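Owing to the predicted nature of the structure, the values given are computational and were not obtained by experimental measurement.
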Amino acid sequence: MTERTIERVIPGAETSDGAGVRIKRSLGQQPSLQLDPFLMLDEFGSSDAADYIAGFPAHPHRGFETVTYMIEGHMLHEDHLGNRGDLRNGGVQWMTAGRGIIHSEMPQQEAGTMRGFQLWLNLPGAEKMTEAGYRDIQSEQIPEIDLAGGRIKLIAGALTLDGQEHEGAVTGRSTDPLIADLRLAPDAELSLPVPTGHNAMLYLYEGDANVADLALRRSAANVLGDGDQISLRSGPNGARVMLIAGKPIGEPVVQYGPFVMNTREEIEQALQDYRDGRLTA
């Protein structure tokens, strides 16, 4: 086993998106702060409705996928395909923009806490113009694995633990994403296999934890070096950590706002298609 260690840290920066939703953005603050195949990672969380109530009115995407994980709260997704999905506590929405989608994500609460994550997952050039798609995954559809050191909520990918293979709610993507919410008990140890060659990061959002004896920074993308195993140890209050890993695509990335393609010409075509009403044709 080769242990992965922290290679660099990308702190989450306070910003806003949509119609003024307050977020912390780590991956994706600028083009140099991406982790192939992951383009952007936002953490949102507030008990002040003014920080989220305006939501994300209708807007377009092309060329990638979005994964939204709601830890607490209630958000409604609607898109031009007629999909309508309620994202509630513990649920996930997996949206493939493909050649084009226009959707909105609007809070369905006027008070209380709303918190979670949105991850942008790139698509290879050969898949960027596929048909758009959407999947609404309720909390009870996401496998949870109980271990001596805590619990794993396996959103995407597969894990082999103690000789038993576990599959997440989403599998079969070309970038082989592994996305899991790790809940560690106080002063617990947890070791997980991660495929060699996959880019990987850990995002600590509650408590304290170390990886290979180095402290994870809170609300930051703790990017890991290569290896085939991650060993975590939590502090006296336990910890919650997002594990995100995937197979690099290794292609040029050209991004203009909600459009992510391989060349500038493809971006210009996306803009023209959107102006002419052909983005979703």
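Hydrophobic clustering (ILVMFWY, side-chain heavy atoms < 4.5 Å, transitive): M40 and V9 are in distinct clusters. Under a hydrophobic-cluster definition in which Ile, Leu, Val, Met, Phe, Trp and Tyr are linked whenever side-chain heavy atoms come within less than 4.5 Å, directly or via other members, L39 and L35 are assigned to different clusters. I145 and V194 fall within a single hydrophobic cluster, where Ile, Leu, Val, Met, Phe, Trp and Tyr side chains are chained together by heavy-atom contacts under 4.5 Å. In the hydrophobic clustering of ILVMFWY residues, with side-chain heavy atoms under 4.5 Å counting as a link, Y205 and V67 come out together. When the side chains of ILVMFWY residues are joined at heavy-atom separations under 4.5 Å, either directly or via intervening members, V92 and M75 end up in two distinct hydrophobic clusters.
Under the rule for a side chain to side chain donor-acceptor pair (under 3.5 Å), N89 has no partner lying at least two apart in sequence or in another chain. Judged as a side-chain contact (heavy atoms from CB on, under 4.5 Å), and not counting sequence neighbours, the contacts of T175 are P37, L121, R173, P177, I249. Listed by chain and residue number, nothing satisfies the side-chain contact (heavy atoms from CB on, under 4.5 Å) test with S16 (two or more places apart in sequence, or in another chain).
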Subject >> Evaluation steps, side-chain contact (heavy atoms from CB on, under 4.5 Å), between I6 and L216 >> reply: CA-CA 8 Å; I6 300 172; L216 292 176; 3.9 Å; yes
**OP:** Could you give me the CA-CA distance, side-chain angles and deciding distance for L161 and I152, then say whether side-chain contact (heavy atoms from CB on, under 4.5 Å) is met?
**Re:** CA-CA 11 Å; L161 302 168; I152 300 171; 4.0 Å; yes
Original post:
Would I23 and T15 count as a side-chain contact (heavy atoms from CB on, under 4.5 Å) if you check the C-alpha gap in whole Å, the side-chain angles of each, and the deciding distance to 0.1 Å?
Top reply: CA-CA 6 Å; I23 58 174; T15 184; 3.5 Å; yes
Original post:
Step by step, would you call E3 with S231 a side chain to side chain donor-acceptor pair (under 3.5 Å)?
Top reply: CA-CA 7 Å; E3 293 286 348; S231 294; 2.8 Å; yes
Original post:
Between S174 and E127, is a side chain to side chain donor-acceptor pair (under 3.5 Å) present by the stated rule, with each step listed?
Top reply: CA-CA 9 Å; S174 59; E127 299 176 25; 2.8 Å; yes
**OP:** Would you sort out whether L154 and I142 count as a side-chain contact (heavy atoms from CB on, under 4.5 Å), showing the intermediate values?
**Re:** CA-CA 6 Å; L154 191 54; I142 304 173; 5.5 Å; no
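A donor-acceptor contact shorter than 3.5 Å links the side chain of R99 to the backbone of A281. Distance alone, capped at 3.5 Å, places no donor-acceptor pair between the H74 side chain and the L87 backbone. In this structure a side-chain-to-backbone donor-acceptor pair under 3.5 Å is present from E266 to T263. A donor-acceptor pair under 3.5 Å is formed between the side chain of Q108 and the backbone N or O of M106. At distances below 3.5 Å, not a single donor-acceptor pair connects side-chain atoms of T280 with backbone N or O atoms of I101. The main-chain N or O of G90 is found under 3.5 Å from a side-chain atom of K153 such that the two form a donor-acceptor pair. Judged by distance alone, the side chain of Q109 and the main-chain N or O of A111 form a donor-acceptor pair under 3.5 Å. Side-chain atoms of Q93 come within 3.5 Å of backbone N or O of G85 as a donor-acceptor pair. N222 contributes a side-chain N or O that, together with a main-chain N or O of A220, makes up a donor-acceptor pair within less than 3.5 Å. Between the side chain of T96 and the backbone N or O of G98, no donor-acceptor pair lies under 3.5 Å.
One distance of note links OG of S234 with CG of N210; it measures 9.0 Å at 0.5 Å rounding. If you take CE on M129 and CG on L123, they are separated by 11.5 Å, rounding to the nearest 0.5 Å. Distance CD/E105 to CG/L76: 10.0 Å, rounded to 0.5 Å. For the atom pair H80 NE2 and I102 CD1, the distance stands at 7.0 Å (nearest 0.5 Å). Interatomic distance, D208 CG to R233 CZ, rounded to the nearest 0.5 Å: 12.5 Å. One finds the CE atom of M95 at 9.5 Å from the CG atom of L81 (value rounded to the nearest 0.5 Å).
Under the 4.5 Å side-chain criterion, counting only non-hydrogen atoms from C-beta, M261 is not in contact with V253. At least one side-chain heavy atom of P11 sits under 4.5 Å from a side-chain heavy atom of R217. Side-chain contact between L147 and R151 is absent, with no heavy atoms from C-beta onward closer than 4.5 Å. Contact check for L232 versus L182: side-chain heavy atoms found under the 4.5 Å cut-off. Taking 4.5 Å as the limit, every side-chain heavy atom of T196 sits out of range of all side-chain heavy atoms of R4. A 4.5 Å side-chain heavy-atom check between L204 and L202 finds every atom pair outside the cut-off. Using a 4.5 Å heavy-atom cutoff, the side chains of L41 and I244 are in contact. Residues V254 and V260 have side chains not in contact (no heavy-atom distance under 4.5 Å, counting atoms from C-beta outward).
Within a 6.0 Å sphere centred on CG of D213, heavy atoms belonging to other residues, nucleotides or ligands number 12 at most. Heavy atoms from other residues, nucleotides or ligands lying under 6.0 Å from CD of E268 number more than 12. The 12-atom threshold is not exceeded at CD of E110, counting heavy atoms of other residues, nucleotides or ligands nearer than 6.0 Å. Taking a 6.0 Å sphere around CZ of R278, one finds it holds more than 12 heavy atoms contributed by other residues, nucleotides or ligands.
In summary, E206 and R115 engage in a salt bridge, as defined by a charged side-chain N under 4.0 Å from a carboxylate O. We find that D42 and R25 are joined by a salt bridge, their nearest charged nitrogen and carboxylate oxygen being less than 4.0 Å apart. Using a cutoff of 4.0 Å between basic side-chain nitrogens and carboxylate oxygens, R22 and E14 are scored as salt-bridged. Under a 4.0 Å N-O distance rule, the pair D273/R62 qualifies as a salt bridge.
The nearest pair of heavy atoms linking A169 to P143 is N-CD, 3.7 Å. Residue W94 comes nearest to V170 through the heavy atom pair CE3-CG2, 3.7 Å, listed as atom of the first residue, atom of the second, then distance. The nearest pair of heavy atoms linking D226 to G197 is OD1-N, 2.9 Å. Shortest non-hydrogen contact noted between G55 and P107 is CA-CD, 3.5 Å. In this structure, G63 and A97 approach most closely via the heavy-atom pair N-CB, 4.3 Å. When all heavy atoms of G149 and A188 are compared, the pair lying nearest together is O-CB, 3.3 Å.
Aromatic pair H103/H59: centroids less than 6.0 angstrom apart.
Side-chain contact, D136 with Q138: a donor N or O sits under 3.5 Å from an acceptor N or O. H77 and N83 are not linked by any side-chain donor-acceptor pair at a separation below 3.5 angstrom, with hydrogens and angles left out of the test. Between the side chains of Y203 and E43, at least one donor N or O lies within less than 3.5 Å of an accepting N or O. Side chains of K247 and N199: no donor on one and acceptor on the other come within 3.5 Å.
Under the ring pair (Phe, Tyr, Trp, His ring centres under 6.0 Å) test applied with H61, the options F259, Y134, W120, F56 reduce to a single match, W120.
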